[in-house]
K.L.:
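Below: one structure in structure tokens.
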Amino acid sequence: MDWTKGEVFLTLLYFMTAVGIIQMLIKSYISTYCYTQYTELVNWIRSQYMEISVQGLMREIVEKNVHSALKQSKLIVMMYIMVFAMAPLGYMLTVIIREGFHAVIIIPFIPYDHPNARAIYYSVEFPYTLMAGLLSGIGDSTIIISGIHAMKAIDTINELIALMDNKEMANQCSNLLIVIHKKHAEIIKILSTLNEIMYSVSLIQLFTSTFMFLVLFTSARTQPMEIVFYLFMLCVVSQLFLLCAFGEVIFSKTEAIFTQLYLTKWYDMGLSNQRIILMMMRMAEQPYGLKAGGMYDINMYTFIQIVKMAISYCAIIITLA
């Protein structure tokens with residue numbers, strides 16, 4: 001790659017396209033083996049909405065959190081898909097305005113020097129690029145929606161635990177602690193299912209995002225006026241940031257369950273209830289978070305480390321070049 005010529009733009013686009021396609025193919029391939037886990041997540045989310053109609057005392061809390069999860073899911077998924085639609089649209093506009101021929105695909109039997117090559121290649125590449133961007137955003141939506149509902153379910157548990165100190169309300173539901181215990185066991189199972197799905201998918205996401213960050217930071221240094229690279233960067237950042245943010249929030253919320261249980265007036269409860277609280281505290285002693293490959297915690301620290309690593313390697317590449 002000659003850094004003094006215009007081929008830098010195309011080379012970086014080639015690399016971004018290759019890494020993006022590899023990421024989508026591997027994530028889609030792995031996801032086919034998690035059909036049972038995806039079905040379990042969908043059924044659990046559906047059960048959250050069905051539960052509103054059967055709860056008595058807890059109806060207000062459950063309904064508030066479920067509706068909040070629905071609103072946040074719609075908002076974040078729409079914003080997420082819009083970001084992934086903006087990048088290919090910005091790429092199309094950049095390529096059209098830019099002088100020369102800048103296709104990143106090869107169509108058999110139609111060479112680049114064909115009289116109508118520009119029209120033919122762009123008519124194929126642009127719809128494909130837009131579809132790839134939209135599918136990438138939609139493909140991650142299941143994880144986003146599941147993560148939001150899991151966080152709100154944990155909020156429900158913490159709010160129900162807080163009700164136990166209100167004797168008047170707690171007396172209206174004699175099995176309140178049993179309900180909380182069942183919900184706690186349920187959310188642990190759902191987080192385990194979510195971790196099974198994220199086991200390989202998140203590992204691929206971390207590695208490919210590192211490479212894409214490296215390319216995009218290099219692009220920003222070598223091609224500072226190319227807006228399309230900043231749009232791509234927004235996609236990669238939002239993709240990894242949401243994943244790490246969900247892991248961070250879920251970890252902190254599950255950690256709060258132990259504190260909430262400890263702060264209850266457990267000393268005023270009967271022996272059977274104290275045993276249940278002790279059991280729940282033992283279950284909540286180890287907070288549940290998301291892990292990539294069962295090895296790396298998915299949290300904001302991981303996000304910062306990946307960004308720092310990409311920036312460091314980018315500096316090395318620029319220096320050597």
Side-chain angles (χ1 to χ4, degrees), residues 1-32 77-142 204-205 207-240 242 310 314 317-318 321:
M1 179 166 59
D2 189 348
W3 294 85
T4 63
K5 298 180 180 179
E7 62 187 50
V8 177
F9 176 79
L10 268 181
T11 305
L12 293 173
L13 275 182
Y14 292 156
F15 194 87
M16 276 296 301
T17 304
V19 175
I21 290 174
I22 290 171
Q23 183 195 93
M24 289 183 64
L25 286 175
I26 295 178
K27 286 171 67 175
S28 300
Y29 182 75
I30 293 173
S31 297
T32 58
V77 168
M78 288 301 298
M79 291 175 60
Y80 193 69
I81 294 175
M82 284 176 60
V83 167
F84 275 85
M86 282 170 53
L89 290 174
Y91 161 71
M92 297 175 198
L93 184 61
T94 302
V95 169
I96 291 174
I97 296 175
R98 193 180 180 90
E99 294 182 2
F101 184 42
H102 303 287
V104 294
I105 63 173
I106 297 176
I107 300 178
F109 311 113
I110 303 178
Y112 285 153
D113 57 358
H114 189 278
N116 299 318
R118 184 184 175 94
I120 295 173
Y121 271 81
Y122 287 173
S123 64
V124 173
E125 184 175 336
F126 289 172
Y128 155 77
T129 307
L130 180 60
M131 180 182 68
L134 291 174
L135 287 178
S136 182
I138 294 172
D140 292 338
S141 296
T142 305
I204 297 301
Q205 182 69 60
F207 281 120
T208 54
S209 294
T210 303
F211 282 107
M212 285 193 279
F213 273 131
L214 175 59
V215 175
L216 290 169
F217 290 147
T218 305
S219 306
R221 289 288 304 274
T222 59
Q223 309 279 309
M225 300 306 293
E226 297 291 351
I227 300 177
V228 64
F229 289 123
Y230 296 102
L231 293 175
F232 285 146
M233 191 181 297
L234 181 61
C235 287
V236 180
V237 168
S238 62
Q239 195 176 40
L240 185 62
L242 273 179
C314 171
I317 291 174
I318 296 295

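Keep in mind that what you see is a predicted model, and the values were worked out from it rather than measured.
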K.L.:
Do V19 and V215 come close enough that some side-chain heavy atom pair is under 4.5 Å?
P.N.:
no
K.L.:
Using 0.5 Å steps for rounding, measure from the CG atom of L231 to the CE atom of M233.
P.N.:
10.0 Å
K.L.:
Roughly how far, to the nearest 0.5 Å, is CE of M86 from CG of L93?
P.N.:
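CE of M86 is found 12.0 Å from CG of L93.
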K.L.:
Report all side-chain donor-acceptor pairs from residues 125-135 shorter than 3.5 Å, counting only partners two or more places apart or in another chain.
P.N.:
| from | atom 1 | to | atom 2 | distance (Å) |
| --- | --- | --- | --- | --- |
| E125 | OE1 | V104 | N | 3.2 |
| E125 | OE2 | Y91 | OH | 2.0 |
| T129 | OG1 | E125 | O | 2.6 |

K.L.:
Out of curiosity, Q23 CD to Q239 CD, how far, rounded to the nearest 0.5 Å?
P.N.:
4.5 Å
K.L.:
Could you check whether any side-chain heavy atom of F213 comes within less than 4.5 Å of a side-chain heavy atom of V237, counting everything from C-beta outward?
P.N.:
yes
K.L.:
If you take all heavy atoms of C235 and A87, which pair is closest and at what distance?
P.N.:
SG-CB, 3.4 Å
K.L.:
Tell me every residue that passes side chain to side chain contact (heavy atoms under 4.5 Å, CB included) with N116, counting only those two or more places apart in sequence or in another chain.
P.N.:
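Scan of N116 (side chain to side chain contact (heavy atoms under 4.5 Å, CB included), adjacent residues dropped) gives H114, I120.
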K.L.:
Please list, chain by chain and in numerical order, all residues satisfying side chain to side chain contact (heavy atoms under 4.5 Å, CB included) with V77, sequence neighbours excluded.
P.N.:
I81, S141, I144, I145
K.L.:
To the nearest 0.5 Å, tell me how far T208 OG1 sits from L240 CG.
P.N.:
8.5 Å
K.L.:
Identify, with sequence neighbours excluded, every residue that meets ring pair (Phe, Tyr, Trp, His ring centres under 6.0 Å) alongside F84.
P.N.:
Y80
K.L.:
Under the side chain to side chain contact (heavy atoms under 4.5 Å, CB included) test, which residues partner S123, sequence neighbours left out?
P.N.:
none
K.L.:
Look up atom CZ in F211 and atom CD1 in I22, then write down how far apart they are to the nearest 0.5 Å.
P.N.:
9.5 Å
K.L.:
Applying side chain to side chain donor-acceptor pair (under 3.5 Å), can you list everything that pairs with Y122, at least two apart in sequence or on another chain?
P.N.:
none
K.L.:
Could you tell me which residues satisfy side chain to side chain contact (heavy atoms under 4.5 Å, CB included) with L214, sequence neighbours excluded, listed by chain and number?
P.N.:
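With sequence neighbours excluded, L214 shows a side chain to side chain contact (heavy atoms under 4.5 Å, CB included) to T218, Y313, C314, I317, given in chain and number order.
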K.L.:
Quick check: are there more than 12 heavy atoms from other residues, nucleotides or ligands sitting under 6.0 Å from OH of Y230?
P.N.:
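Yes, enclosed.
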K.L.:
What pairs meet the salt bridge (Lys or Arg N to Asp or Glu O under 4.0 Å) rule with one or both residues in residues 87-97, with sequence neighbours excluded?
P.N.:
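Qualifying pairs, neighbours excluded: none.
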